[in-house]
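Here is the structure we will look at, set down as structure tokens.
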There are 2 protein chains.
Amino acid sequence: MEINIKLKSFSFSKLRGRGVWRYREAIPGKYDKIVTLNEGGTPLIKSRERGEVYYKFEGANPTGSFKDRGMTVAISSAVNTDHKVVVAASTGNTAASAAAYAARAGLKIFLLLPKGKVALGKLAQSVLYGATIIEVNGSFDVAMSSVMKIYKELGIVYPLNSFNPWRLEGQKTIAYEIVEDMGVPDAVIVPVGNAGNIYAIWKGFKELMEAGVIERVPRMIGVQAEGASPIANAIIKGLDKPEFVENPETIATAIRIGKPVNWMKAMKAIKESKGYAITVSDNEIMEAQKELARKEGIGAEPASASSLAGYDKLLREGFLDKGDKVALILTGHALKDPDAMLRQDKRMISLNPEEIERVILGEVSASR
Amino acid sequence: MEINIKLKSFSFSKLRGRGVWRYREAIPGKYDKIVTLNEGGTPLIKSRERGEVYYKFEGANPTGSFKDRGMTVAISSAVNTDHKVVVAASTGNTAASAAAYAARAGLKIFLLLPKGKVALGKLAQSVLYGATIIEVNGSFDVAMSSVMKIYKELGIVYPLNSFNPWRLEGQKTIAYEIVEDMGVPDAVIVPVGNAGNIYAIWKGFKELMEAGVIERVPRMIGVQAEGASPIANAIIKGLDKPEFVENPETIATAIRIGKPVNWMKAMKAIKESKGYAITVSDNEIMEAQKELARKEGIGAEPASASSLAGYDKLLREGFLDKGDKVALILTGHALKDPDAMLRQDKRMISLNPEEIERVILGEVSASR
């Protein structure tokens with residue numbers, strides 16, 4: 001299902017407020033009640049080191065990922081259509097976000113998580129928000145098929161996965177914010193898991209172009225981890241559809257997905273925008289996470305850092321030039337996955353109070 | 001040290017941008033270069049259940065706590081005074097924030113953390129950002145004295161704790177944002193650890209009042225955990241100065257501080273604003289964290305939830321009325337402390353894919 005909207009005499013200068021609902025007139029649907037945590041309006045941070053590179057830091061959303069943008073729209077839609085029970089399969093970020101908005105709306109929620117495959121922070125969030133958590137003995141893709149099945153057979157349960165088009169209507173506001181903050185970049189780089197976000201962002205740009213607000217759409221570039229890259233492989237090999245991956249594997253748990261439900265939309269966004277897709281290794285992802293933190297001061301989870309790993313590879317391969325104006329979508333906060341952070345090299349010493357001054361003085365002198 | 005500033009013909013309508021540096025003319029100092037991650041501009045979320053209660057969600061800052069507001073000013077100040085090495089004692093949030101901004105500025109940083117007393121997310125952030133971490137065999141207060149000593153004896157090392165007045169100049173922007181978003185509340189409730197924040201926020205309101213922008217200052221109310229409550233006890237008992245706590249203990253690690261360095265400033269803010277201070281138990285804190293998540297959809301760390309626990313107690317004790325317009329400062333993100341989240345009661349089941357539909361159908365039917 002796709003939702004099409006035609007903006008009428010749209011102008012940024014007329015908008016008020018900030019975040020997702022600033023773009024209310026671009027979000028279809030009637031809402032007597034909006035369930036919001038003031039999501040969106042996230043920082044666009046210019047790189048210190050890389051010229052025209054801008055990081056869109058989605059970790060600053062209320063539950064720490066871009067999922068909140070879609071969830072405010074989807075949960076508002078569920079409430080306005082009088083649903084009482086919602087369900088989502090998740091690698092973790094969708095779960096945390098869905099649980100938060102369901103709690104705020106007073107809805108009952110079931111989360112289907114692949115057992116043992118969810119980063120600690122995300123699982124803990126789902127517990128805190130009081131969701132009923134079903135740990136599925138299987139991958140995310142197995143959990144996802146269960147949601148599809150339940151949705152089709154039990155109409156009473158409202159699905160919160162990104163095949164739900166309202167999710168994408170919220171997520172597209174990333175494009176609106178980018179245009180307001182920096183104009184139209186040459187390219188936008190997006191980590192690709194279940195593959196809704198790259199399409200949603202492209203849709204946002206396209207709507208603005210069709211409304212005459214901007215003159216072109218940026219090239220949409222998808223990044224996948226080597227062990228979970230059905231869409232990137234299809235693009236690289238020039239296939240019409242992806243070969244699904246049965247046992248996806250990567251340290252970037254948020255994009256550990258072998259059968260992306262939105263593959264068709266994602267490939268459309270990439271092709272129509274004359275974009276591209278690329279794979280990066282787990283090692284490249286972890287190095288990119290470290291560089292983002294230690295050079296730029298930005299803490300992003302591994303899946304997010306794949307944007308930067310992808311950018312570097314695209315430079316090396318000549319697909320992007322150093323002068324290109326590029327927006328990198330950092331989809332989630334580093335705090336989502338403490339184990340990944342602790343895997344980076346550490347500089348830790350244990351001291352008694354009376355030793356501290358001597359040690360610091362020694363280190364400061366040595367570094368001069 | 002205190003910094004005094006007199007605003008000249010200040011008006012919100014003239015300001016541009018968002019976040020801490022929107023209030024540039026209220027932040028003293030000359031900066032050739034500003035080190036920023038677009039901190040501040042956090043959501044003010046209206047309570048679903050409690051009338052005129054508003055949550056200021058500081059967890060949406062780049063490193064997940066209000067500390068980023070002060071750190072952008074303090075690190076910018078360090079850079080503009082040509083310091084190369086910075087140091088901070090921390091229960092965790094200051095560490096994560098200091099490490100991020102030091103990384104962005106290219107400064108060397110030493111963090112002094114009480115060994116075994118720092119929440120997982122915060123320690124992991126400090127590792128990710130590449131700080132040199134000194135685990136001190138002792139409490140936060142012991143680490144804090146070491147910083148004071150190093151600062152006095154080694155002038156070359158720039159201190160990032162909240163006795164550094166530039167930190168407070170950044171933090172006061174919480175008040176500016178509250179006034180822009182909701183006007184002047186009747187009261188502001190602030191968790192109190194090292195006690196700089198309650199003073200900083202009060203200072204912000206006071207500046208706006210002195211500039212004629214607002215007509216009054218809200219009552220400033222400090223909340224401390226029972227096991228670490230020197231300031232609250234002093235206020236309740238009517239003492240002129242606190243009796244320090246040698247071995248502070250509470251589940252809310254961010255405010256596990258027995259000798260708050262800013263006690264004098266905090267007591268001034270509370271007294272001059274006709275405010276109050278209160279203690280809450282660990283159990284009340286954990287219940288408040290759960291309620292915030294499950295009723296409001298907001299994930300805050302335990303120290304933050306003490307604001308809500310304090311609010312409830314102030315209602316019960318008649319210090320606040322239900323109709324009062326109150327801003328609760330939620331200082332840090334729930335993701336900072338995954339262990340605390342996992343301590344809440346869980347609804348988790350492990351299932352094979354073929355069992356899911358039956359279980360959900362059963363639960364949905366039972367709940368009708």
Side-chain angles (χ1 to χ4, degrees), chain A residues 37-38 43 45 48 57 60 62-64 85 100-101 103-104 108 110 112 115 120-121 124-125 127-130 132-138 142 146 149-150 153-154 156-157 293-294 296-299 333-336 338 341-342 344 346-353 356-357 360-361 364 367, chain B residues 37-38 43 45 48 57 60 62-64 85 100-101 103-104 108 110 112 115 120-121 124-125 127-130 132-138 142 146 149-150 153-154 156-157 293-294 296-299 333-336 338 341-342 344 346-353 356-357 360-361 364 367:
Chain A
L37 292 166
N38 300 22
I45 303 170
R48 269 181 72 208
F57 185 52
T63 77
V85 187
Y101 287 82
R104 189 157 177 91
K108 184 159 181 59
F110 295 93
L112 277 53
K115 194 170 181 173
L120 178 66
Q125 286 179 294
V127 168
L128 176 64
Y129 285 118
T132 299
I133 299 169
I134 300 176
E135 292 191 304
V136 181
N137 294 314
V142 170
S146 297
K149 193 154 169 262
I150 291 161
E153 295 181 14
L154 310 176
I156 46 169
V157 179
R294 297 189 184 177
E296 306 281 6
I298 301 172
H333 205 288
L335 281 169
K336 291 281 195 167
M341 291 194 267
L342 290 170
Q344 301 289 3
K346 294 170 194 58
R347 299 172 200 162
M348 275 176 99
I349 33 176
S350 186
L351 294 178
N352 292 317
I356 296 170
E357 195 184 340
I360 290 185
L361 187 58
V364 171
S367 70
Chain B
L37 292 166
N38 301 22
I45 304 171
R48 268 182 72 209
F57 185 52
T63 77
V85 187
Y101 286 82
R104 188 155 177 93
K108 183 158 181 62
F110 295 93
L112 276 53
K115 193 169 180 175
L120 178 67
Q125 285 179 294
V127 168
L128 176 63
Y129 285 119
T132 300
I133 299 169
I134 300 177
E135 293 190 305
V136 181
N137 294 315
V142 170
S146 298
K149 194 154 169 263
I150 291 161
E153 295 181 14
L154 310 176
I156 47 169
V157 178
R294 297 188 185 178
E296 306 281 5
I298 301 172
H333 205 287
L335 280 168
K336 290 279 193 168
M341 290 194 268
L342 290 170
Q344 302 288 4
K346 295 171 194 57
R347 301 173 198 162
M348 274 176 97
I349 32 177
S350 186
L351 293 177
N352 292 318
I356 296 169
E357 193 183 343
I360 290 184
L361 188 58
V364 171
S367 71

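Chain A is the first sequence line, chain B the second, and so forth, proteins listed ahead of strands; every chain is numbered from 1.
At a threshold of 4.5 Å between non-hydrogen side-chain atoms, the residues A/Ile356 and B/Phe110 do not count as touching.
Taking all atoms of both residues into account, the shortest heavy-atom contact from B/Pro353 to A/Val142 is CG-CG1, 3.3 Å. When all heavy atoms of B/Ala103 and A/Ala293 are compared, the closest pair comes out as CB-O, 3.4 Å. For the residue pair B/Asn38 and A/Pro43, the shortest heavy atom distance occurs at CB-CB, 3.5 Å. Nearest approach of B/Arg104 to A/Glu296, heavy atoms of both residues: NH1-O, 2.8 Å. In plain terms, the two heavy atoms of B/Tyr129 and A/Ile298 that are nearest each other are OH-C, 3.8 Å.
For A/Val85, the part sitting under 4.5 Å from any heavy atom of chain B is the side chain, from C-beta outward, and nothing else. Heavy atoms closer than 4.5 Å to chain B are found in both the backbone and the side chain of A/Ala60. With a 4.5 Å cut-off on non-hydrogen atoms, A/Ser350 touches chain B through its backbone and its side chain both.
The closest donor-acceptor contact from the side chain of A/Arg294 to the backbone of B/Leu128 lies under 3.5 Å.
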Please test A/Arg347 against B/Thr132 for side chain to side chain contact (heavy atoms under 4.5 Å, CB included), starting from the C-alpha separation and ending with a verdict.
CA-CA 5 Å; A/Arg347 299 172 200 162; B/Thr132 300; 4.1 Å; yes
What do the steps show when you test B/Leu351 against A/Leu112 for side chain to side chain contact (heavy atoms under 4.5 Å, CB included), and what is the final call?
CA-CA 10 Å; B/Leu351 293 177; A/Leu112 277 53; over 6 Å; no
Derivation of the side chain to side chain contact (heavy atoms under 4.5 Å, CB included) call for A/Val127 and B/Met341:
CA-CA 7 Å; A/Val127 168; B/Met341 290 194 268; 5.8 Å; no
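Per-residue counts of heavy-atom pairs under 4.5 Å with chain B were compared for A/Leu37, A/Val157, A/Ile150; the largest is that of A/Leu37. Interface remark: of the candidates A/Glu357, A/Lys108, A/Lys346, A/Glu357 forms the most heavy-atom pairs closer than 4.5 Å to chain B. Taking A/Gly138, A/Gly130, A/Pro338 one by one and counting their heavy-atom pairs under 4.5 Å with chain B, the maximum is reached by A/Gly130.
A distance of 10.5 Å separates CG in A/Leu342 from CD in B/Gln125, rounded to the nearest 0.5 Å. Separation of atoms CD (B/Glu153) and CD1 (A/Ile360) is listed at 12.0 Å; rounding is to 0.5 Å.
By the side chain to side chain donor-acceptor pair (under 3.5 Å) test, B/Tyr101 pairs with B/Glu39, sequence neighbours left out. Looking at residues two or more places apart in sequence or on another chain, you find no salt bridge (Lys or Arg N to Asp or Glu O under 4.0 Å) involving A/Lys115.
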